[in-house]
Amino acid sequence: MKEITKTLLPLLLLVLVTATSCGKDEPDGTSGKMQWKAPTDLVQVLEGVYQVPLSGGSFTFICENCEPKVESLYERGPHVSYEIPGPSHYIEGVWSSVQCKKKKVTITFSPTTEDEPRVFDIGFTAGDMAYYMHFLQRNRLY
């Protein structure tokens, strides 16, 4: 039950934040919702929620309506739980890194053989807009 709560709480917060965002036809840098094109080789569970393969890898997302910066990177996993604040164009954690170059965002995950899942929450900002992505790296799909 504790594991379900740890996984579902960030997911519910993500859905709440995404559902309460402003309109999508607003100019760059104003209140609105970031529009993302996700890589096709990454399993998307819900909007903004992804399953990372155990082998890790690099995945490039495209923000179609602005140039984001990384606001924060939060990693949870075996014996580690911490947050690295931004904003920045590059943030590196223990098991991941996030790099923003114009509209391209490359997120790299290290491989794992652990039974305990790794959870990554990454926040992005651009002007008044904010967006959060949630990644889960574990032995089975959501």
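The shortest distance between side-chain heavy atoms of R118 and V52 does not fall below 4.5 Å. The shortest side-chain heavy-atom distance between R138 and Q51 falls under the 4.5 Å cut-off. Residues Y132 and D121 form no side-chain contact, since every pair of their non-hydrogen atoms from C-beta on lies 4.5 Å or further apart. Within the 4.5 Å cutoff, side-chain heavy atoms of Y50 are placed close to those of F61.
In this structure, L73 CG and M133 CE are separated by 12.5 Å, a value rounded to the nearest 0.5 Å. How far NE2 of H134 is from CD of E47: 14.0 Å, rounded to the nearest 0.5 Å. Taking CD1 of I91 as the reference point, atom NZ of K69 lies at 11.5 Å (rounded to 0.5 Å). In this structure, K37 NZ and C63 SG are separated by 13.0 Å, a value rounded to the nearest 0.5 Å. If you take OH on Y131 and SG on C66, they are separated by 11.5 Å, rounding to the nearest 0.5 Å. Put simply, CD1 on I62 and NZ on K103 are 9.5 Å apart, with the number rounded to the nearest 0.5 Å.
For T113, there are no side-chain hydrogen bond (donor to acceptor under 3.5 Å, both in side chains) partners at least two apart in sequence or on another chain. Under the side-chain hydrogen bond (donor to acceptor under 3.5 Å, both in side chains) criterion, S96 pairs with E75, sequence neighbours left out. Residues passing the side-chain contact (heavy atoms from CB on, under 4.5 Å) test with T106, sequence neighbours excluded: S58, T60, T108. Not counting sequence neighbours, the partners of E92 by the side-chain hydrogen bond (donor to acceptor under 3.5 Å, both in side chains) test are Y90. Partners of Q99 according to the side-chain hydrogen bond (donor to acceptor under 3.5 Å, both in side chains) rule, which considers only residues two or more places apart in sequence or in another chain, do not exist here. The side-chain contact (heavy atoms from CB on, under 4.5 Å) search around P85 returns none, not counting sequence neighbours. By the side-chain contact (heavy atoms from CB on, under 4.5 Å) test, D115 is found to be paired with N139, residues two or more places apart in sequence or in another chain being considered. The ring pair (Phe, Tyr, Trp, His ring centres under 6.0 Å) test applied to W95 returns no partner, not counting sequence neighbours. In this structure, the side-chain contact (heavy atoms from CB on, under 4.5 Å) partners of S81, at least two apart in sequence or on a different chain, are Y74, R76.
Without hydrogens or angle criteria, Q137 side chain to F120 main chain gives no donor-acceptor distance under 3.5 Å. Formation of a donor-acceptor pair under 3.5 Å by the Y82 side chain with backbone atoms of V94 is found in this model.
Closest non-hydrogen pair, H89 versus P68, comes out as ND1-O, 4.5 Å. Of all non-hydrogen atoms in T125 and P87, the two that sit nearest each other are OG1-CB, 4.5 Å.
The aromatic rings of F135 and F109 sit tilted relative to each other, their planes meeting at an angle between 30° and 60°.
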>> Does M129 form a side-chain contact (heavy atoms from CB on, under 4.5 Å) with N65? I'd like the steps, not just the answer.
In response: CA-CA 11 Å; M129 293 186 284; N65 61 335; 4.2 Å; yes

